[in-house]
Amino acid sequence: MVKARRHQRGWLKKEVRSQGETWVLYFRTVRKLDGKRVENKVPIGLLKDFPDKSCAWGEVERLHLQINPLDSRRGITFADLAQHYAEHELVDHTESIHAKAHTTVLSYERIIRNRLIPKNGPTGLRLV
């Protein structure tokens, strides 16, 4: 039985820092030294720049933070590749060099989510 890999989004908290009240993204990682799960955090921006949580989440998306590292012990799966494509190639047309139409992006995301990943997701890839 193949165990599904969970992707985390993390969570946002406000912290008082020297520059002022700041949005901070928290997420869990595995420490390489001893294999324990630990919390990490990344400052996102000041509350004055991102007044509400939805604005802060927008900045998190814009930063493309890698909080779900690949597990090299199990290799890269089709789902990993599809997820990477969706995150880096199917982005807003203002952020992409080779922009795709909005309807194309929505169609590709739907096909990846509903057809490709359920059928091929846990399949390992052979790198030639």
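On a predicted model such as this, the values are computed, not experimentally measured, just so you know. Start at 1 with the first residue, then count along the sequence.
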Residue pairs fulfilling side chain to side chain donor-acceptor pair (under 3.5 Å) with at least one residue in residues 44-59, sequence neighbours excluded:
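Every side chain to side chain donor-acceptor pair (under 3.5 Å) pair that includes a residue of residues 44-59, provided the two are not neighbours, is Asp52-Ser54, Glu59-Arg62.
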Quick one: list whatever passes side chain to side chain contact (heavy atoms under 4.5 Å, CB included) with [X], sequence neighbours left out.
X      : result
Pro118 : none
Lys14  : Glu21, Trp23, Leu47
Lys119 : none
Arg110 : Ser107, Arg113, Asn114

If two hydrophobic side chains count as joined below 4.5 Å and joins carry through other members, does Phe50 share a cluster with Val42?
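Yes, Phe50 and Val42 fall within the same hydrophobic cluster.
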Min side-chain heavy-atom separation [X]-[Y] under 4.5 Å:
X      : Y      : answer
Leu116 : Ile111 : yes
Lys13  : Leu25  : no
Val60  : Leu12  : yes

Give me the atom names and distance for the closest heavy-atom approach of Ile44 to Ala56.
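Result for this residue pair: CG2-O, 3.9 Å.
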Return the minimal non-hydrogen interatomic distance between Trp11 and Phe27, and the atom names on each side.
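It is CZ3-CA, 4.1 Å.
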Starting from the C-alpha separation in whole Å, work towards a yes-or-no answer on side chain to side chain contact (heavy atoms under 4.5 Å, CB included) for Val24 and Arg17.
CA-CA 10 Å; Val24 178; Arg17 294 187 166 203; 4.0 Å; yes
Show your working on side chain to side chain contact (heavy atoms under 4.5 Å, CB included) between Asn40 and Tyr26 and close with a plain yes or no.
CA-CA 6 Å; Asn40 278 356; Tyr26 283 81; over 6 Å; no
Among residues at least two apart in sequence or on other chains, which ones pass side chain to side chain donor-acceptor pair (under 3.5 Å) with Lys41?
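Side chain to side chain donor-acceptor pair (under 3.5 Å) list for Lys41, sorted by chain: Glu15.
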